[in-house]
Amino acid sequence: NGNAITVAGSRGKGDKIDQLNTPYDLFIDDNQTMYAADHWNHRIVAWNINGTTIEAVAGGRGPGKRLDQLNQPNNVIVDEESN
């Protein structure tokens with residue numbers, strides 16, 4: 001099928017919620033939610049496969065070790081069974 005849409009990072013490199021900065025890994029769950037490890041923005045970003053809902057689901061508060069921070073995430077793993 002030759003039809004495709006860009007659902008992530010279509011607004012160029014940056015730190016806004018609809019931008020990515022060196023994404024390292026993607027994961028798509030059974031509900032068609034896509035997750036990206038946004039390495040240099042220190043966050044995990046999630047959005048619907050149609051690109052309508054975007055949110056930071058982990059990190060996004062700069063690099064660090066607090067519960068609301070990540071430090072250059074490389075991978076994404078989602079445990080769908082226990083959310």
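Values reported hereafter were calculated over all heavy atoms of this structure, with side chains retained and with hydrogens, waters and symmetry mates removed.
Considering every non-hydrogen atom in both Asn21 and Asp38, the closest pair reads N-OD1, 2.7 Å. In terms of heavy atoms, Ile54 sits closest to Ile17 at CG2-O, 3.3 Å.
Under a hydrophobic-cluster definition in which Ile, Leu, Val, Met, Phe, Trp and Tyr are linked whenever side-chain heavy atoms come within less than 4.5 Å, directly or via other members, Met34 and Val57 are assigned to different clusters. No continuous path of ILVMFWY side-chain contacts below 4.5 Å connects Ile28 to Ile44, so the two sit in separate hydrophobic clusters.
Taking CH2 of Trp40 as the reference point, atom CD of Gln72 lies at 4.0 Å (rounded to 0.5 Å). Note that CG of Asn41 and CG of Leu70 are 11.0 Å apart. Values are rounded to the nearest 0.5 Å. Atoms NZ and OG1, on Lys13 and Thr22 in that order, are 5.0 Å from each other to the nearest 0.5 Å. Separating the CG atom in Asn74 from the OH atom in Tyr24 is a distance of 6.0 Å, to the nearest 0.5 Å.
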Practice problem: Please step through side chain to side chain contact (heavy atoms under 4.5 Å, CB included) for the pair Gln69 and Leu67, ending with a clear verdict. | Solution: CA-CA 6 Å; Gln69 294 178 307; Leu67 290 176; over 6 Å; no
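At distances below 3.5 Å, not a single donor-acceptor pair connects side-chain atoms of Asn71 with backbone N or O atoms of Lys65. A distance-only check finds a donor-acceptor pair linking the side chain of Asp29 to the backbone of Asn31 [under 3.5 Å]. Asp25 places a side-chain N or O within 3.5 Å of a backbone atom of Val76 that can act as its donor or acceptor partner. Proximity of a side-chain donor or acceptor of His39 to a complementary backbone N or O of Pro73 within less than 3.5 Å is detected.
Using a 4.0 Å cut-off between charged nitrogen and carboxylate oxygen, Arg66 and Asp68 count as a salt-bridge pair.
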